[in-house]
Amino acid sequence: MRSIWNGAISFGLVSIPIKLVNATENRSISFRQIHTEDGGRIRYRKVCELDGEEVPTAEIGKAYEESDGSMIPITDEDLAALPLPTAKTIEIVAFVPASRIDPLQMDAAYYLSASGVPAAKPYTLLREALKRSDRVAIAKFALRGRERLGMLRVVDDVIIMHGLLWPDEIRRPEGVAPETSVTVREAELDLADALMDTLGEVDLDTLHDDYREAVEQMIAAKAEGGPEAAPAPRAEPGGQVIDLMAALENSVRAAKEARGEETPDASVTDLSARKQPPRSAATPKESGTKKSTAKTAAKKTASGASSARKTTSKASAGGKAAEKKSTARRTAAKKTPHKAPEKVGEKTPEKKTSPRKRSA
């Protein structure tokens, strides 16, 4: 691999000659601009806006543009005269735990290769020290005309340097997070955990750029003059998610089917009830409803009991009155003299009249 920078690592008083090699490459397919009428290349000409003439590369320099549009020329000699101690040195300034580095700061990655046989010993020393300490080195270096921040770590037997953005280059995420208040239920978190467990881990080496492969196949077919490959059916975008629980359950089911696992409904449904609150713990609304229902039932019971008491009281009073009437009848019967019943056919004796009255 071709080196893009030669210098040294400054490790205290130890200097390690190294070469900087790009650790990544851009594999995306690039296109050229053409004239659609005849297929001719469209090129950009570097033209001076003052005289309209095309300018060769040798006559093109750098300048800083002021806010009013005026230009301040900057030469390579001006930049070379600046005090830049890291111009040819990767200066290690600290060793910190890897967890201190926010992945948001990471930029391009480079391999650090020992330059020459004398560099092998100090290179190996730094590599093994980083391994044993389980830390990373923070360093400053200059590349492409500016000073940069870097992080050195070990992968296999090679020291890798990641370019880091300066802290003031990271924008604060103001106004990015949802502003509305949202409550996430335990059952929804359980299903999200189940979905993550179902998807599991993946070997990153098996991932590839499907779009790039499709573009390459299309270009190959056009170059050979054969029929173009039929485009793959595009998945229709899903509609608005109305039921989050249903969407999570369907996602778990689909992930299990993709992995060839059985997907009984019960296994998914039970997950949603895995951490349901106990039934005895009623919500304030339910508690109030239960109390109101209990009060109504108590009132009905009390009313029924009162009615029963009134009915019993009336029945008791009526019984006592009837008993008094019966006693009065028996008492009256005892006081009344008994008359012998008259016999049928018995003659009533006639009353005798006096002689005086008969003669008159």
Y211 meets the side chain to side chain contact (heavy atoms under 4.5 Å, CB included) criterion, sequence neighbours left out, with D209, V215

One should read off an interatomic distance between I18 CD1 and I9 CD1, to the nearest 0.5 angstrom, of 5.0 Å

Contact summary for P122 and S15, nearest pair of heavy atoms: CG-O, 4.5 Å

Who passes side chain to side chain contact (heavy atoms under 4.5 Å, CB included) against L204, sequence neighbours left out? V202, L207

Under 3.5 Å, side-chain donor or acceptor atoms of residues 87-104 against the rest of the protein: list the pairs with distances, not counting sequence neighbours.
| from | atom 1 | to | atom 2 | distance (Å) |
| --- | --- | --- | --- | --- |
| D102 | OD1 | L104 | N | 3.0 |

Does anything in residues 150-159 pair up under salt bridge (charged side-chain N to carboxylate O under 4.0 Å, His left out), and if so which pairs, sequence neighbours excluded? K131-D157

In residues 133-144, what donor-acceptor pairs under 3.5 Å come from side-chain atoms, sequence neighbours left out?
| from | atom 1 | to | atom 2 | distance (Å) |
| --- | --- | --- | --- | --- |
| S133 | OG | A129 | O | 3.0 |
| S133 | OG | L130 | O | 3.2 |
| S133 | OG | R135 | N | 3.3 |

Residues 163-178, side-chain donor-acceptor partners within the protein, below 3.5 Å, at least two apart:
| from | atom 1 | to | atom 2 | distance (Å) |
| --- | --- | --- | --- | --- |
| W166 | NE1 | E147 | O | 3.4 |
| E169 | OE1 | W166 | N | 2.9 |
| E169 | OE2 | R146 | NH2 | 3.3 |

Give me each pair satisfying side-chain hydrogen bond (donor to acceptor under 3.5 Å, both in side chains) with a member in residues 110-130, each pair once, sequence neighbours excluded. none

V184 meets the side chain to side chain contact (heavy atoms under 4.5 Å, CB included) criterion, sequence neighbours left out, with E188, L189

Tell me which donor-acceptor pairs under 3.5 Å the side chains of residues 20-27 have, and how far apart each pair is, sequence neighbours excluded?
| from | atom 1 | to | atom 2 | distance (Å) |
| --- | --- | --- | --- | --- |
| N26 | OD1 | S28 | N | 3.1 |
| N26 | OD1 | S28 | OG | 2.8 |
| N26 | ND2 | S28 | OG | 3.3 |

Kindly work out whether a path of hydrophobic side-chain contacts (I/L/V/M/F/W/Y, heavy atoms less than 4.5 Å apart) joins F11 to V158. yes

Side-chain donor-acceptor contacts of residues 48-67 below 3.5 Å, not counting sequence neighbours, with atom names and distances?
| from | atom 1 | to | atom 2 | distance (Å) |
| --- | --- | --- | --- | --- |
| D51 | OD1 | E53 | N | 2.9 |
| E54 | OE1 | R45 | NE | 3.2 |
| E54 | OE1 | R45 | NH2 | 3.4 |
| K62 | NZ | D76 | OD1 | 2.8 |

Do you reckon L191 sits in the same ILVMFWY cluster as M196, going by side-chain contacts under 4.5 Å, direct or chained? no

What's the separation between atom CG in L126 and atom CD1 in I16, rounded to the nearest 0.5 Å? 4.5 Å

Any residue meeting side-chain hydrogen bond (donor to acceptor under 3.5 Å, both in side chains) with D203, in chain and number order, not counting sequence neighbours: none

Return the minimal non-hydrogen interatomic distance between S70 and D68, and the atom names on each side. OG-OD1, 2.7 Å

Less than 4.0 Å between a side-chain N and a carboxylate O, is that true for E216 and R212? yes

Among the clusters formed by ILVMFWY side chains lying less than 4.5 Å apart, do M161 and V154 turn up in the same one? yes

Give a yes or no on whether L112 and L125 share a hydrophobic cluster (residues Ile, Leu, Val, Met, Phe, Trp, Tyr; joining criterion: side-chain heavy atoms under 4.5 Å apart). no

D78: side chain to side chain contact (heavy atoms under 4.5 Å, CB included) partners, not counting sequence neighbours: I74, T75

Find out if a path of hydrophobic residues (ILVMFWY) with successive side-chain heavy-atom gaps under 4.5 Å connects I159 to M106. no

